[in-house]
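Each chain gets a letter, A, B and so on, in the order its sequence line appears, and its residues count up from 1. Computed from heavy atoms alone, side chains included, the values below leave out hydrogens, waters and symmetry copies.
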Amino acid sequence: MTDSNNRNFVSEIIDEHNESGRFEGRVHTRFPPEPNGYLHIGHAKSICLNFDIAAQYGGLCNLRFDDTNPAKEEQEYIDAITEDVRWLGYDWGDRLYFASDYFDRLYDMAVELIRIGRAYVDELSTDEIREYRGTLTSPGVESPYRDRPIAENLALFEKMRDGGFNEGEAVLRAKIDMKSGNINLRDPVMYRILDARHPRTGDKWKIYPMYDFAHGQSDSIEEITHSICTLEYEDHRPLYDWYLDNIEIFHPQQIEFARLNLSHTVLSKRKLIRLVQEGHVRGWDDPRMPTISGLRRRGYTPAAIRDFCDEIGVGKVKGVVALHKLEYHIRQDLNRRANRVMAVINPLKVVITNYPDDLVEEMEAVNNPEDESAGTRLTPFSKVLYIEGDDFMEDPPRKFFRLAPGREVRLRYAYFITCNEVIKDDSGAITELRCTYDPATRGGAAPDDRRVKATLHWVSAAHAVKAEARLYDTLFSVEYPERDSERDFTEFINPDSMKVVDPIYVEPHLRDAQIGDRFQFERLAYFVVDEDSKPEKLVFNRTVALRDQWRKHQNKAGKKRKQRRKR
RNA sequence: AGGGAAGUAGCUCAAUCGGCAGAGCAGGUGCCUUUGGAGCACAAGGUUAAAGGUUCGAGUCCUUUCUUCCCUGCCA
C-alpha cells in the first residue's frame, strides 16, 4: 500500500546531484539516533524518509548510533531502537554502525587539525567559555589560550586523552571565528573530558567528541551522500562543512527538513522521559505514548505508520499534524486486516421471552467483510443476551434508530427483535429489556422484506467470555500542550486518557486470542490483545474507535442547542 | 553586530522552463448498507503574507516590507 514515490524537496536536491554527477549517481543515507531514549512517531518520519528515499534511488540506508555522550546513553536504548526500526519494516543489512566505532579515527583527525593550526586546547572554565562566546548580537572574544604553539596543543591534547585533566578543566576547540554571526562557528568545542563509562568502549576513553565533530566525519567514513537531519541543524551546516573541508575528506551533503509535530501529544525526548519518570504513564511502551513501542502496544501496524509518514510528506515548514490523520491511517489498515467480532462494553440484559429456555443456536457470522478469505465463524445465540447499553433509549430523540420500546431492530447474524417491556430497579435504572423475536428472520433477513433501521451487536450471556478493556483517549486534553508559556505541559494531561472497563463481554471463541491479535469489535472500535493478557483473563487495548456519525450528530445538535440558549 | 530559515484551502503537501492554482485529510450535503462502520456521489473551500517592479503572461524572477520559527550546552 505504501507507495513512497513522493516528490519532495529532498528528491529534487538528489536529482540535481545526479544531473551534476556530484556523487556519481549514488544515494546513500543513514538514520542516526542517539541511544538516550525511545524512538517516537517523529523518528518514524525520519526513518521512512531515509530508508524510502534511498530505496527509491536504488541506494542504501545505514543504521548508525550517535553515541558520543556516555553520560546519557544506555544499551537498553540501543536494543529498543534496533527493534523498533526493524518492526517498522526496514532493513539495514550488515550496516549497523556506531559513531564510537570511529573514535580512533576521529582522534587522529583532531590531531591533524591541531597540526595545521586549526585547533587548540583551551583551559578556560565552562563559565568563561560561555562569557567569551558573546551573545546573539555581540561578537565573542578570543580565548587567551587560542594562540598556543602547535607542539603545546599536541602535548596537551594527549594529556587530555590520558586522563591528565579532570572533567571541565580543558577542551579541544576548533579555531574558526569568534566574531561570526553564526555562534556555532565561534571556536566550537570538538572534544570534552567525560568521566563516564561508555556502553561500547568502556573505560578506554576519557575524552569524547562533540556531535558536530563526530557526525559529519562519520557520514564521510560511511560514504553517506545525503545526510538528512532536522531544521535545527541548519545553523550547524557551515560547521559540518568546515570540518570536512579542513580535514579534506569525502564531503556528503547535509539536508534539513521539518521534524514532525503531532497534536494532543508531545514529541521531545526530554518531555517523554519526564512522562515516564514522573509516573504519568506506565512506561515507554504505555499505549498512550507516541513512542513506536507505545503505538505498537496500542495496536498500530507498521503499515499504518508508514502510510501516515507518506501522506504528511516532507518539507521545510514547521507545522503540527492533526492526530486524526494518524487515526485515519490505522482505521484504513485495520479495516482491511482485522477480523470482526461482537463485544459488549456497556452491557444491557435482554431476555427473549418467546425463545425456548434451553435452546442454543449457532449463528454464522462473517469474519471480515473486506476479506473473504477470513471465512466465517459460528457464534451462540440463546434466550438471555447482552446488548450495548447505548443501543437502547427509552425515550429516543428523532434520528435515533436503534432499540426503543415497541421498536423492532435486527440482532446481527441472528433475529429481528421487538422491545416490549423495560424493567427497572428501585432507583429507576434500567436493568433489563423484555423482547420477542421473529423466528422467520433467522440469520437477520426478513422473508417479507420488511426493513429495520438498525442492526445491533450482542453476545449470549451464558456463553460470553468476560475480559478487561482499556479505553484510551488522547494523553493530553488540549491540542497543543506545549503552547502555554505559564503552565507546564503535564498540567494538560487528560485525566480520562485511560478508562478500564472490567468486565466486558466478548464472543466465546475469543478465548483463544493471542497477545497482539487485532480485532474490530463491531460498531465500536479496533482492539488489540495486550501483553498483560493471561489465558484466564484477556486484556484488550482500544487502538482507535470507529468513526462515529451518531456521536458527531449528537455533538452538533448539542452545540446548536447551546447556541440557541445563548440567544 | 547579529546569523539562519519558512510563509500556497481549516491541516499536511503539490504546481515541469514563467503558461487555466491542484490533491489527500478534515468540515458540508446526499446515496447506499445485515457495522449509523466501510463504500459511493456531489458541492464548497484561495487577494498564493503584503506592496511595488520585469513580462503578452508571475505562486514561480527582482526590490522592499510584514509575520513566524531556530541559534548564546563541555547535549544531540
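Nearest to the side-chain atoms of A:P369 among the listed nucleotides B:C25, B:A5, B:G37 stands B:G37. Of the candidates B:G36, B:C71, B:A5, the closest approach to any side-chain atom of A:K316 belongs to B:A5. Distances from the side chain of A:T135 to the nucleotides B:A26, B:U72, B:C70 place B:U72 closest. The side chain of A:E73 approaches B:A76 more closely than any other nucleotide in the set B:A76, B:C74, B:U33. Listed candidates were B:U12, B:C75, B:U34. Nearest to the side chain of A:R451 is B:U34. Counting only heavy atoms from C-beta on, A:R133 has its side chain closest to B:C74 among B:C74, B:A26, B:A1. For A:D66, the listed nucleotide lying nearest its side chain is B:A76; candidates were B:A76, B:G2, B:A26. Residue A:E12 places its side chain closer to B:A15 than to any other of B:C75, B:U72, B:A15. For A:R412, the listed nucleotide lying nearest its side chain is B:U34; candidates were B:U12, B:U72, B:U34. Among B:C74, B:U12, B:C75, the nucleotide with an atom closest to any side-chain atom of A:I129 is B:C74.
Rounded to whole Å, atom P of B:G24 lies 15 Å from atom NE2 of A:H324. Note: NE2 (A:H457) to P (B:G36) measures 10 Å, nearest angstrom. What separates NE2 of A:H215 from C1' of B:C75 is a distance of 14 Å, to the nearest Å. The distance between atom CZ of A:R186 and atom C1' of B:U72, rounded to the nearest whole Å, is 7 Å.
Contacts of A:Y191 with the nucleic acid, taken as non-hydrogen atoms under 4.0 Å apart, are absent. Using a 4.0 Å heavy-atom criterion, one finds that A:Y132 contacts no nucleic acid atom at all. Nucleic acid contact for A:G319: sugar-phosphate only, since backbone atoms but no base atoms lie under 4.0 Å from a heavy atom of the residue. Using a 4.0 Å heavy-atom distance criterion, A:A71 is classed as making no nucleic acid contact. Across all strands shown, A:F401 has heavy atoms under 4.0 Å from base atoms, whether or not it also approaches the sugar-phosphate. When heavy atoms are screened at a 4.0 angstrom cut-off, A:Y233 is found touching base atoms of the nucleic acid. Using a 4.0 Å heavy-atom cutoff across all strands shown, A:E370 reaches at least one base atom of the nucleic acid. Using a 4.0 Å heavy-atom distance criterion, A:R173 is classed as making no nucleic acid contact. Within the 4.0 angstrom heavy-atom criterion, only backbone atoms of the sugar-phosphate kind lie near A:V320; the bases stay farther away. Using a 4.0 Å heavy-atom cutoff across all strands shown, A:T455 reaches sugar-phosphate atoms only and no base atom. The residue A:V366 sits apart from the nucleic acid: no heavy atom pair falls under 4.0 Å. Within 4.0 Å of A:K325, counting heavy atoms only, lies at least one base atom of the nucleic acid. As judged by a 4.0 angstrom heavy-atom cut-off over every strand, A:T230 is placed among residues making no nucleic acid contact. If you check every strand for non-hydrogen atoms under 4.0 Å, A:P238 touches nothing.
With pairs defined as Watson-Crick or G-U wobble and both atom distances under 3.5 Å, the stems of at least three pairs that touch RNA chain B come out as B:2-7 with B:66-71, B:10-13 with B:22-25, B:28-31 with B:39-42, B:49-53 with B:61-65.
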Acceptor/donor pairs from residues 312-329 of chain A side chains to any protein atom, 3.5 angstrom cut, sequence neighbours excluded:
{"from": "A:K316", "atom 1": "NZ", "to": "A:E234", "atom 2": "OE2", "distance (Å)": "3.4"}
{"from": "A:K316", "atom 1": "NZ", "to": "A:E256", "atom 2": "O", "distance (Å)": "3.4"}
{"from": "A:H329", "atom 1": "NE2", "to": "A:E311", "atom 2": "OE1", "distance (Å)": "2.5"}

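When the C1' atom is used for both B:U55 and B:A23, the distance is 30 Å, rounded to whole Å. The P atoms of B:C71 and B:A51 are separated by 32 Å, rounded to the nearest whole Å. When the P atom is compared between B:C40 and B:A6, the two are found 38 Å apart, to the nearest whole Å. Taking atom P on both nucleotides, B:G27 is separated from B:U65 by 42 Å, rounded to a whole Å. When the C1' atom is compared between B:A44 and B:U29, the two are found 10 Å apart, to the nearest whole Å. Nucleotides B:G59 and B:G73 place their P atoms 44 Å apart, quoted to the nearest Å.
Just one of A:F103, A:Y107, A:Y102, A:F213 meets the ring pair (Phe, Tyr, Trp, His ring centres under 6.0 Å) condition when paired with A:Y208; it is A:F103.
In this structure a side-chain-to-backbone donor-acceptor pair under 3.5 Å is present from A:R377 to A:V366. Listed for the A:N50 side chain is no donor-acceptor partner under 3.5 Å among the backbone atoms of A:T29. The closest donor-acceptor contact from the side chain of A:T441 to the backbone of A:D438 lies under 3.5 Å.
A close approach under 4.0 Å does not occur between any side-chain nitrogen or oxygen of A:R337 and OP1 or OP2 of B:A38. Listed pair A:T68 / B:A76 meets the phosphate criterion, a side-chain N or O lying under 4.0 Å from OP1 or OP2. Residue A:Y413 places none of its side-chain N or O atoms closer than 4.0 Å to OP1 or OP2 of B:U34. Residue A:R547 places at least one side-chain N or O closer than 4.0 Å to OP1 or OP2 of B:A38. Contact annotation: A:R192 reaches the phosphate of B:C75 (side-chain N/O to OP1 or OP2, under 4.0 Å). Checking the phosphate oxygens (OP1, OP2) of B:C70, no side-chain nitrogen or oxygen of A:R259 falls inside 4.0 Å. Close to B:A38, at under 4.0 Å from its OP1 or OP2, lies no side-chain N or O of A:R336.
Evaluation of the salt bridge (charged side-chain N to carboxylate O under 4.0 Å, His left out) rule for A:R146 yields A:E142, A:D187 as partners, not counting sequence neighbours. Scored by the ring pair (Phe, Tyr, Trp, His ring centres under 6.0 Å) test, A:Y211 finds A:H215, A:Y233 as partners (sequence neighbours excluded). With sequence neighbours left out, A:D449 forms a salt bridge (charged side-chain N to carboxylate O under 4.0 Å, His left out) with no residue at all.
Using a 4.0 Å cut-off between a side-chain N of Lys or Arg and a carboxylate O of Asp or Glu, A:K271 and A:E482 qualify as a salt bridge.
Counting non-hydrogen atoms of other residues, nucleotides and ligands closer than 6.0 Å to CD of A:Q75 gives a total above 12. The number of heavy atoms from other shown groups lying within 6.0 Å of CZ (A:R450) is above 12. Heavy atoms from other residues, nucleotides or ligands lying under 6.0 Å from CZ of A:R407 number more than 12.
Look at B:G27: its glycosidic torsion is beyond 90° from 0, and that puts it in the anti range.
A perpendicular orientation is assigned to the rings of A:F381 and A:W458, their planes being inclined by more than 60° (bins at 30° and 60°). Taking the six-membered ring where the residue is Trp, A:F521 and A:F527 present parallel rings, their angle staying beneath 30° rather than reaching 60°.
RNA chain B lies under 4.0 Å from at least one heavy atom of each of the following residues of residues 521-528 of chain A: A:E522, A:R523.
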